[in-house]
Asker: 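I'd like to ask some things about the structure below.
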Amino acid sequence: MSNSVYDIPVNTIKGEPVTLNQYQGKVLLIVNVASKCGLTPQYEGLEKLYTEKKDQGFEVLGFPANNFLAQEPGSNDEIEQFCSLTYNVDFPLFAKISVAGDDKHPLYDTLIHSIPERIGEGPWWKDLVDYGLTPNPKPEVLWNFEKFLIGKNGEIVARFAPDITADDPRITSAIEAELAK
């Protein structure tokens, strides 16, 4: 299996079939997002990061997913409207997909198998368990807002736990390093 994400078919939030080829040569942060999660305010930081770095060849790509406690129940239109009105999201959003389970999208299958370990796996995972939730076992996506960093060549280079925010130095320094290549 290739580590490149460029040729994997996806749909835009408007339902148009595309691949990620249009992002070749850019640094990407792929994030599975949700509108009704305790981590949903991360949209704000992701948009800020995107705005600050997009002119340097950086993109945030949001993939809504309803895999965790049905925290993304809306249609693509509802998701797009929520993101725009609530968080002024301007980074690209794609159609809702599955990031876990038997119907996992091929994009996430590639991401997970390329980088099975996440950076920042800390006490937040234990908090989920303490709340009586059962997070996915490794290497699967733990929860909403897990982040995958893709280099300019399309290779997956890092993976960050859901509670690692867009302004965390572990993410920002990794992005800077990839932009410098």
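Predicted, not measured: the structure shown is a model, and the values here were computed from it.
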Asker: Any side-chain heavy-atom pair from Trp143 and Gln71 closer than 4.5 angstrom?
Answerer: yes
Asker: If you round to the nearest 0.5 Å, how far is CD1 of Ile112 from NZ of Lys138?
Answerer: 13.5 Å
Asker: Looking at Lys48, I'd like to know if its NZ atom is crowded, meaning that more than 12 non-hydrogen atoms belonging to other residues, nucleotides or ligands lie closer than 6.0 Å.
Answerer: no
Asker: When rounded to the nearest 0.5 angstrom, what distance separates CZ in Phe94 from OG1 in Thr12?
Answerer: 7.5 Å
Asker: Working to the nearest 0.5 angstrom, can you tell me the gap between His105 NE2 and Ile97 CD1?
Answerer: 5.0 Å
Asker: How far does CD1 of Ile30 sit from NZ of Lys147, to the nearest 0.5 angstrom?
Answerer: 13.0 Å
Asker: Roughly how far, to the nearest 0.5 Å, is the OH atom of Tyr50 from the OH atom of Tyr43?
Answerer: 14.5 Å
Asker: Side-chain contact, heavy-atom cut-off 4.5 Å: Phe145 with Val33?
Answerer: yes
Asker: What pair of heavy atoms forms the shortest contact from Phe68 to Leu142, and how long is it?
Answerer: CE2-O, 3.5 Å
Asker: Using the ring centroid of each side chain, check whether Tyr23 and Tyr6 are separated by less than 6.0 Å.
Answerer: no
Asker: Could you tell me whether the side chain of Leu20 reaches within less than 4.5 Å of the side chain of Ile8, counting heavy atoms only?
Answerer: no
Asker: For the pair Lys152 and Glu178, find out whether any cationic side-chain nitrogen is under 4.0 Å from an anionic carboxylate oxygen.
Answerer: no
Asker: Main chain of Val141, side chain of Asn136: is a donor-acceptor contact present, judged purely on distance under 3.5 Å?
Answerer: yes
Asker: Going by heavy atoms in the side chains, are Leu149 and Ile171 under 4.5 Å from each other?
Answerer: no
Asker: With side chains defined as the heavy atoms from C-beta onward, is the minimum distance between Asn32 and Glu72 less than 4.5 Å?
Answerer: no
Asker: After noting the C-alpha distance and the side-chain angles of Thr51 and Glu47, does the key distance pass the side-chain hydrogen bond (donor to acceptor under 3.5 Å, both in side chains) rule?
Answerer: CA-CA 6 Å; Thr51 301; Glu47 179 61 28; 3.2 Å; yes
Asker: Please collect all salt bridge (Lys or Arg N to Asp or Glu O under 4.0 Å) contacts where either partner lies in residues 18-42, sequence neighbours excluded, each pair once.
Answerer: Lys26-Glu59
Asker: Sequence neighbours excluded, which residues qualify as salt bridge (charged side-chain N to carboxylate O under 4.0 Å, His left out) partners of Glu78?
Answerer: none
Asker: Could you tell me which non-hydrogen atom of Ala161 sits nearest to which non-hydrogen atom of Gly120, and how far apart they are?
Answerer: CB-O, 3.5 Å
Asker: Begin with the C-alpha distance, continue with both residues' side-chain angles, and end with the deciding distance and a verdict on side-chain contact (heavy atoms from CB on, under 4.5 Å) for Val89 and Val60.
Answerer: CA-CA 10 Å; Val89 167; Val60 173; over 6 Å; no
Asker: Where is the tightest heavy-atom contact between Arg118 and Pro139, given as atom of each residue plus distance?
Answerer: NH2-O, 4.1 Å
Asker: State, yes or no, whether a side-chain contact exists between Leu111 and Phe63 at a heavy-atom distance under 4.5 Å.
Answerer: no
Asker: Which pair of heavy atoms, one from Ile156 and one from Phe148, lies closest together, and at what distance?
Answerer: CG2-CD2, 4.3 Å
Asker: Less than 4.5 Å apart, any side-chain heavy atom of Ile175 and any of Leu49?
Answerer: yes
Asker: Does any pair with a residue in residues 79-93 pass side-chain hydrogen bond (donor to acceptor under 3.5 Å, both in side chains), and if so which ones, sequence neighbours excluded?
Answerer: Lys14-Glu80
Asker: Tell me the closest heavy-atom pair linking Asn144 and Pro162, and the distance in Å.
Answerer: O-CB, 3.0 Å
Asker: Looking only at heavy atoms, what is the nearest atom pair of Pro73 and Asn66, with distance?
Answerer: N-OD1, 3.5 Å
Asker: Give a yes-or-no answer on whether the side chains of Thr19 and Asp7 include a donor-acceptor pair shorter than 3.5 Å.
Answerer: no
Asker: Between Asp167 and Thr165, do the side chains contain a donor N or O and an acceptor N or O under 3.5 Å apart?
Answerer: yes
